[in-house]
Q: 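Below is the structure I would like to discuss, written out as structure tokens.
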2 protein chains.
Amino acid sequence: MTLADHATPAPRPGRRADAERNRAAIIEAAGKVFAEHGGGVDVREIARRSGVGMGTLYRHFPTKDELLATVLERQFDGWLTDAHEQAMATEDPWQALDGFFDRLLTNQAGNRAAVESFAATGGPSAACIQRCYSCIDQLRARCADAGVLRPGVTTDDLFQLSGSLSQAVLTTAESHPGQWRRLLRISLDGLSSRNTGPLPPLA
Amino acid sequence: MTLADHATPAPRPGRRADAERNRAAIIEAAGKVFAEHGGGVDVREIARRSGVGMGTLYRHFPTKDELLATVLERQFDGWLTDAHEQAMATEDPWQALDGFFDRLLTNQAGNRAAVESFAATGGPSAACIQRCYSCIDQLRARCADAGVLRPGVTTDDLFQLSGSLSQAVLTTAESHPGQWRRLLRISLDGLSSRNTGPLPPLA
DNA sequence: CTTGAAGCGGAGCGGCCGCTCCGATTAGTC
DNA sequence: GACTAATCGGAGCGGCCGCTCCGCTTCAAG
């Protein structure tokens with residue numbers, strides 16, 4: 001995992017064993033709590049759920065934002081890696097793109113904090129966005145080379161699409177789980193090279 | 001306007017003139033402030049911007065949530081009416097649908113509070129959602145009758161689409177304004193009857 | 001102009017929440 | 001077991017924000 005680099009402070013090996021355990025507990029609990037209630041939850045709730053005092057929590061993460069960022073980064077990075085690996089293992093370029101989106105969105109289904117962070121900044125962090133862009137661009141290029149992608153579609157378009165769909169994933173999570181897949185199918189069909197009409201120009 | 005019914009307390013005609021003026025000022029200022037900063041802003045900011053004291057604000061709206069609801073309802077209702085009228089005046093069913101979405105999304109472009117409310121509850125209020133559903137359903141039926149709409153597409157699909165795109169409208173508002181139109185075009189192309197593949201079933 | 005009731009303003013209360021501080025505890029060493 | 005430095009825990013501080021309270025102002029009826 002390359003993402004441990006972003007943690008603050010980084011998990012040094014020379015640390016006491018209980019400290020290491022607590023740190024892990026905090027990250028796990030925070031992941032669940034943020035996903036359930038969004039980034040606005042009381043930090044005390046995270047401390048409670050991880051069985052740790054406030055002092056301990058704040059020694060590991062100097063700021064609530066830092067904790068949120070770390071957690072989000074870990075989660076998103078995991079989802080991204082997973083979706084990317086699956087896509088790489090798929091031969092058909094179009095199915096790879098399809099599977100990538102499906103996997104990525106499935107993974108973050110119901111995670112309030114993740115969607116909020118997309119809404120606020122377009123993603124968990126600049127580095128994360130960059131990684132995501134790279135993945136998407138790779139898949140886009142494969143599709144474009146195979147001639148199955150609608151001409152003029154940019155990596156940015158695909159990135160925005162995933163962000164916008166993650167909104168749908170969240171709002172339909174409780175009432176109509178999985179309905180977002182219909183939107184994904186529709187969008188992907190609109191992205192196929194069957195559609196040759198020009199897209200609105202970038203301002 | 002049927003939406004004044006939702007205000008609390010309703011603007012009674014027998015009220016003093018200055019009270020009426022203040023009420024209007026509050027609604028207007030709140031609309032701007034909520035749009036700029038989202039539903040989380042300090043109520044004091046709204047009082048300041050409308051040139052009114054806290055007491056006045058809270059006599060007109062017993063609760064911050066009530067104020068937010070009223071404002072959102074007014075705004076959304078206006079946008080919806082506007083988009084609907086424009087769509088009704090368009091003969092071609094497909095262009096009517098296209099124009100409806102374009103107009104609705106353009107109108108709410110950059111309104112943080114509006115997008116938040118979509119994220120939280122799917123819309124400003126149950127009544128508003130109902131109205132929106134009706135509009136969309138009407139347009140959907142016209143397209144379906146004309147045979148230009150992909151088979152199996154539900155009103156719910158179209159509603160979710162608009163909610164998900166409003167997310168894109170917000171995130172691209174500052175860096176790439178108007179880029180969301182590309183996503184809209186893509187989605188609509190995926191919704192045309194040219195695409196006959198079955199959509200994932202509703203769970 | 002007088003009068004009384006409707007309306008106004010903003011200081012301030014109470015609760016929530018991010019973060020800190022320091023005495024108690026415990027892991028790890030000899 | 002003794003020792004010490006790293007770690008822990010949670011009471012509490014300070015600031016933010018929703019909302020209230022009440023003395024002052026203004027409208028409009030007579």
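Letters A, B, ... are given to chains in the order of the sequence lines, protein chains preceding strands, and every chain is numbered from 1.
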Q: Could you give the CZ-to-C1' distance, from R59(B) to dC21(D), as a whole number of Å?
A: 11 Å

Q: Tell me which nucleotide among dC17(C), dG10(D), dC27(D) gets nearest to the side chain of D42(A).
A: dC17(C)

Q: Where the side chain of R16(A) is defined as all heavy atoms beyond and including C-beta, which of dT20(D), dC8(C), dG28(C) is the nearest nucleotide?
A: dG28(C)

Q: Thinking salt bridges, do E20(A) and R16(A) make one under a 4.0 Å N-O criterion?
A: no

Q: Between D189(A) and S192(A), do the side chains contain an N or O donor and an N or O acceptor separated by less than 3.5 Å?
A: no

Q: Nearest whole angstrom, please: distance from the P of dA6(C) to the CG of N22(B).
A: 17 Å

Q: With respect to the side chain of K64(B), which nucleotide from dA28(D), dG18(C), dG18(D) is positioned closest?
A: dG18(D)

Q: Counting side-chain heavy atoms from C-beta on, which of dG18(C), dC8(D), dA11(D) comes nearest to A19(A)?
A: dC8(D)

Q: If only side-chain N and O atoms count, and only distance matters, is there a donor-acceptor pair under 3.5 Å linking E73(B) with S125(B)?
A: yes

Q: We want to know whether T155(A) and R140(A) form a side-chain donor-acceptor pair, criterion being a heavy-atom distance below 3.5 angstrom.
A: yes

Q: Could you tell me whether A47(B) contacts a base, only the sugar-phosphate backbone, or nothing, with contacts defined as non-hydrogen atoms closer than 4.0 Å?
A: nothing

Q: OP1 or OP2 of dG18(C) versus the side-chain N and O atoms of T63(A): is any pair under 4.0 Å?
A: no

Q: Using atom OH of Y58(B) as one end and atom C1' of dG12(C) as the other, report the distance to the nearest whole Å.
A: 14 Å

Q: I need the CG-P distance between L57(B) and dC17(D), as an integer number of Å.
A: 15 Å

Q: Quick one: I46(B) CD1 to dG18(D) C1', roughly how many Å, whole number?
A: 11 Å

Q: Want to settle it: does G53(A) or R44(A) sit nearer the 5' end of DNA chain D, counting the closest nucleotide to each?
A: G53(A)

Q: Any side-chain N or O of T56(A) below 4.0 angstrom from OP1/OP2 of dG9(D)?
A: yes

Q: Does the side chain of N107(A) pick up a donor-acceptor pair with the side chain of Q75(A) at under 3.5 Å?
A: no

Q: What integer distance in Å separates H60(B):NE2 from dG7(C):P?
A: 8 Å

Q: Let me spell it out: for each of R21(B) and G55(B), pick the nucleotide of DNA chain D with the closest heavy atom. Which residue's pick is nearer the 5' end?
A: G55(B)

Q: Within this structure, what is the CD-to-C1' distance between E20(B) and dC27(D), rounded to whole angstrom?
A: 14 Å

Q: Distance check needed: dG18(C) C1' versus E66(A) CD, whole Å only.
A: 14 Å

